[in-house]
Amino acid sequence: MIYFDHNATTPVLPEVMDVMKQAMEEFWGNPSSTHSKGRQAYAQLEKARERLAAILGASSKEIFFTSGGTEADNLAILGTMEQFPAGEVLVSAIEHPAVYEAAHGLISKGYSVKDIPVDGHGVLKTDELESMVTDKVKLVSVMLANNETGTIQPIAEIGEIANKKGITFHSDAVQAFGKVPVNVRDLKVDLLSVSSHKIYGPKGCGALFVRQGTKACPRTFGGSQERGIRTGTENLPSILGFVRAAELANSRIGEESRRLTDLTNLLFSQISGRIENVLPNGHVDKRIPGTLNLCFPGAETESVLASLDQEGICASGGSACASGSISASRTLLAMGRRKVDAVCSIRFSLGLGSTADQVTEIVEVLEKVVSRIRTVNG
Ligand code: PLP
């Protein structure tokens, strides 16, 4: 099996499993209990918060653990807008559904929601954003790196535009975190979401950074865990696994990033050398390491993926959440791809286990698959 779908999810690293096993065996107390077993778990939880804060350049008081990227995104969008009886939200047109749907769902509650356009490389048009920030706007949300194309956004520049107008700024860093440096002060964000399972940690765990002084209203109600913003007994084994995974990922930025960039460039050059008419989706340089999204006009995503799967190759049509019913990607359409081409796009996302031999093998299979499907389609 060749797994080139690391943006969908990653396997849990053995070091992370060890930490989680130890947590389940030793630190199973409820962090809210005042007795010694609870205090032991609480100490681990708060240490983990400090460790994650250190990676993000934040203070531990600004970190709120969640059940993953989706919950962090929902909390950022809905928790911010909850405090305003009316107003406008601006989101990039290429946001993950965890942001896009949360924001657009606010329309039924009377809020206004507008999409900020991107250019042909999937990079946000900051000049358009500047003209869209009126007094009505309460929140801007733009992802750090896109899950389908890997394109990195000029977040610090966008943060400056929002900060100048006193508008709360959220960034979904789920795909960027652990792959490129993410520092909340440098990025000028008020809110930032991260997730564990994209970086070789367990599924169902993540965090939201909330800058001190930024108000986020809770979306769940119960005890006073996570200082009341995200209630419910903390999932300590997963949190400890997530933070270990984050530390490991952070220490790999540099060498592993270069290796993945080289491998992805090799994949692109081999594919474009062997298959005619291949169009890259996304920015060729401003990209997180490991992600390559290509359009093969005339070869539909579904047929290509099914044929690759038969050969033991796992890739994706874009967002895993949308797979199973592959329709034209909103991200690719927003970038100006024609619908007929958008439905012929494949995302390869490489990771720790990816090698040059796998690249060679994939290219050989892909050449045959694309040629056969194009012939059948005439
Ligand atoms: N945001 C982005 C950019 C993602 O790629 C994903 C997952 O694919 C999410 C949010 C959702 O994160 P999670 O799966 O942890 O809920």
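Quick note: residue numbers are just sequence positions, from 1. The figures here come from the full heavy-atom set of this structure, side chains too, leaving out hydrogens, waters and symmetry mates. Counting convention: from 1, in listed order, for ligands and their atoms alike.
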How does [X] reach ligand 1, if at all, at less than 4.0 Å between non-hydrogen atoms: by side chain, backbone, both, or neither?
X	result
Lys198	side chain
His197	side chain
Asp73	side chain
Asp172	side chain

- Check for a donor-acceptor pair, side chain of Arg227 on one end and backbone N or O of Lys61 on the other, with a separation under 3.5 Å.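 Indeed, once roles are kept as given, a pair shorter than 3.5 Å links the two residues.
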- Message: Testing the basics here: between Ala249 and Ile199, what is the closest heavy-atom pair and its distance to 0.1 Å?
- Response: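 Closest pair (atom of Ala249, atom of Ile199, distance): CB-CB, 4.3 Å.
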- Check the pair Tyr100 / Arg330 against side chain to side chain contact (heavy atoms under 4.5 Å, CB included), numbers first and verdict last. CA-CA 10 Å; Tyr100 196 82; Arg330 171 168 45 77; 3.4 Å; yes
- Item | Donor-acceptor side-chain pairing of His170 and Ser141 below 3.5 angstrom | yes
Which of the numbered atoms in ligand 1 are under 4.0 angstrom from any heavy atom belonging to [X]?
X	answer
Gly68	15 (O)
Thr70	11 (C), 12 (O), 13 (P), 16 (O)
Gly69	12 (O), 13 (P), 15 (O), 16 (O)
Met143	3 (C)

- Task: Check whether any N or O atom of Glu71, backbone or side chain, sits under 3.5 Å from an N or O atom of ligand 1, and answer yes or no.
- Result: no
- Item | Nitrogen or oxygen atoms of Gln175 and ligand 1 under 3.5 Å apart |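 Yes, at least one N or O pair falls under 3.5 Å.
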- Message: Does this structure show an ion pair linking Arg211 with Asp190, if we count only N-O contacts that are shorter than 4.0 Å?
- Response: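 A salt bridge links Arg211 with Asp190.
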- Message: Let's go through Ile313 and Tyr3 carefully: what are the C-alpha distance in whole Å and the side-chain angles of both, what is the deciding distance for side chain to side chain contact (heavy atoms under 4.5 Å, CB included) to 0.1 Å, and is it a yes or a no?
- Response: CA-CA 6 Å; Ile313 295 169; Tyr3 186 78; over 6 Å; no
- Query: Between Phe242 and Phe65, what is the ring plane arrangement, given parallel below 30°, perpendicular above 60°, and tilted in between?
  - Reply: perpendicular
